[in-house]
Structures are given as C-alpha cells and as structure tokens.
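Accompanying notes for the structure given below.
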Amino acid sequence: MPNRRIRARASLRVAVLAAAVAVLGGAAPAPDKTDPLADQKAFQASFGERFPQVPFADFANGPYAVSAPMRKQWEDIMQFPPYDFALDEGKTAFETPFANGKSYADCFANKGIGVRQDFPYFDTKTGEVATLDGTINRCREANGEKPLPYQVGLMASITAYMAETSRDKPFDIKIPDDPRARAAYEDGKEYFYTRRGQLNFSCASCHVGAAGQRLRGDILAPAIGILAAFPIYRSDWGSMGTIDRRFTSCSAQMRSEPLPPQDKSYRDLEYFLSYMSNGVPISGPGTRP
Amino acid sequence: MTRVALAFMLLCSVPIAAHAADKSEAESAIAGAVKAEDAAGKLGNRWIPAEASLKAAKAAFTSGSWDAAVAEATRARLLAERAVEQSNEQKTAWRDAVIR
C-alpha cells in the first residue's frame, strides 16, 4: 500500500512538472479538424522513428517487437502455444450449427473466414462501430442463442479461431464518408489521449510515451498494432482474454473505473486504434509471458 | 494539473475531525460523496479509490460507525472532485498529446 501511494505521488509530481513545462512552452491551441488519414500517417511515422530497427509488420507482435529478451522467451513459449486449446474449442464452436440450423458463417462475409482484419467497422445502419466480438453476439441473438460474456471463455476462443484464419492479412479499417463515422473515430481518439483516473494517465502515457519501457514485469507494447494479436493468452491471467478484458485491466491500472465491455467509448477506442494500425498484419491469437 | 496534485497532497494530510460524528453528519457526508461521484461518472471518470471509499463509507454507516463513515465519505468526495477537475481540464488538454 505505501508503495502505491509513493508511486501515485511520484506520477503526480511528474504530471505537475509536465504541466509546468507545457505552460512555459506556451503550447499553441491545436486545430480541431478531423483528418484521420493525416493522423494515421503521423502516428505510424512517429513509431517508425522511435523504433527504426523494428520492421513495420513486426508491430503486430506487441512487446516482442521492441524487446529482444522477451522475444527469446516467446520463441520458447511457442513450442507449445498455450492458446491451442482455445483454438480447437473456437473452431468447433464456430462450425457447430445453432439450434435453428444456421451458423456463425451465415453472419459474416466469406463465411467468417479471413475477415478479422476488417473489424471493427462503422455500421451505417446502426450509426455505430461494430466490433468482431459484438457481431458474434448479434449473430447469436439473431439466431435465438444467448449472447456470450465478452471478456473470457468461448468469446475468446471463437475470436481466436477467426483471427487465426486471418493471419498475416493487414488491418484494413475504413472510415466511411459519414459524419457519424468521423465522430466515432474522433471519440476514440479523444478517449485514447485523455488522462483519467487517480494516477493521471492516459492510454498514450504508457503505450506512446513509455512504449518499449519496462513496467514491473512487463514491457509496454507500442500503440501501433496493439490489437493485432488479440485475443491473447497471458500467463498472469492464466487464460485467454479478449480486447474487452485488456481494456478493462488497463483502465484499472489507471485507477479508473472500467467501462462495461463493448461500451460505446471502448468500441470507438478500438476503431481508432485499429485504424491507426492499418497495414499491420493480424497475428492473433497471441501469447504473452 | 497543479491544483489536482496540491489537492491530493492536502487530502493525504487532512486531519480527521476531532469531535465524534453523529448519524446525520455521516448521512450528509455520504450524500455529498454520492453527488460528487455522480458528477465524475457523468464525465466517464470514476476513480477506483473514490468508489472504494464511498463503498467503505456506506458499510461504516450500516454498522453505525459514524466517524469512519464521515472520514471515508469525505475522502471519496474530495477524490471525486479532483476527478471532475481532471476531466474538465482534459476537455481541451488532451489535444496537446496527439501525435501529429
């Protein structure tokens, strides 16, 4: 407990310092115009400059891309990938028809094979961002099945299988020419950069500013390509976890009360992060030590 | 952000009220904390320790520990007020962090 307090104070001191620097520097007011493509170019260029030794496609591998010792560990784990069980379970579930005779394949383009890289997408019918996980549950409900819990279990297994059929396909997220789509993108961007929680961190504090650095036992993954490996098996979880599980645990690390899974802000955040990663190949399911 | 930091440090040194609190003081302290937490919630910025203190305050109230209820509720309210302040500041400040 005392440690936590000291850490909280230390980070606040850093924040105070940063604020002072910002004031002294007289940061100019930023333009408000939304230009997702320009954002994406700047985002990708900045990680390219930060990590010149990392080939672009390797950002699909999160912490392994930026840490040689972790990469070595990874090679050892991959002798027996801990997600194999989930992959088998997911494939079986995916191929088993619902009670009404239909199946997941009926709900997706190309029968759901090799489509992970197109998610999330902006659904012009609902006016909202549709994630892969959300679409799986909508498919179930449309066919008279109960929705699955979002963070662990079968949802992770099914998305693991769907990711595996999409390996090496580059993220191809589109922002249609629709003000609602641009608003969703902008909302996700704001969520990513906004400081919240007692420690006064934003997602960017750790996954942009401190990417590649060590935090306790972890190496912080760079924000680019950060969703390419999902779902992932983590040893400290002892099981598979979806994007919702990861967002929830990172919110908690910020001492910020997590949002419910698939909350609009989390979906918009996923939209923003995936769009920033366009071109990075799908590598899921992944495994982390 | 300086204000948030200062407030936090003050918070850590707030002396607990010397006199014994009664039920109605505990009630109003909790009501104040709930109101502040709701405001933070509207901004999508509930802080985990604020939620925890509010919960502890309610538990203390249920068991008739008025002093503890007031102390925890006060902590929850002050934290929630800092959260609101943080969110208000971030309404524009987040743009300075954008990679461009």
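Numbered from 1 within each chain, the chains take letters A, B, ... in sequence-line order. Everything numeric here is computed off the predicted structure, so don't read it as measured data.
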Check whether the ring centres of A:Tyr271 and A:Tyr275 lie less than 6.0 Å apart, and answer yes or no.
-> no

Does A:Asp187 reach the side chain of A:Lys264, with side-chain heavy atoms less than 4.5 Å apart?
-> yes

Taking side chain as C-beta onward, heavy atoms only, is A:Arg245 less than 4.5 Å from A:Ser239?
-> yes

Under a 4.5 Å heavy-atom cutoff, which of A:Tyr193, A:Phe192, A:Tyr191 has the most pairs with chain B?
-> A:Tyr193

Which atoms of A:Lys189 approach chain B - backbone, side chain, both or neither, heavy atom under 4.5 Å | both

Check each atom of B:Ala83 against the heavy atoms of chain A and say whether the ones under 4.5 Å are side chain, backbone, both or neither.
-> neither

Pick from B:Thr92, B:Ile99, B:Asn45: which one has the most heavy-atom pairs with chain A under 4.5 Å?
-> B:Ile99

Of the backbone (N, CA, C, O) and the side chain (C-beta and beyond), which part of A:Ser202 lies under 4.5 Å from a heavy atom of chain B, both, or neither?
-> neither

Going by atom types only, do B:Ser24 and B:Asp22 share a side-chain donor-acceptor pair under 3.5 Å?
-> yes

Are A:Gln198 and B:Ile48 side-chain neighbours, meaning at least one heavy-atom pair lies under 4.5 Å?
-> no

Select one option (side chain, backbone, both, neither) describing which atoms of A:Ala252 are under 4.5 Å from chain B's heavy atoms.
-> both

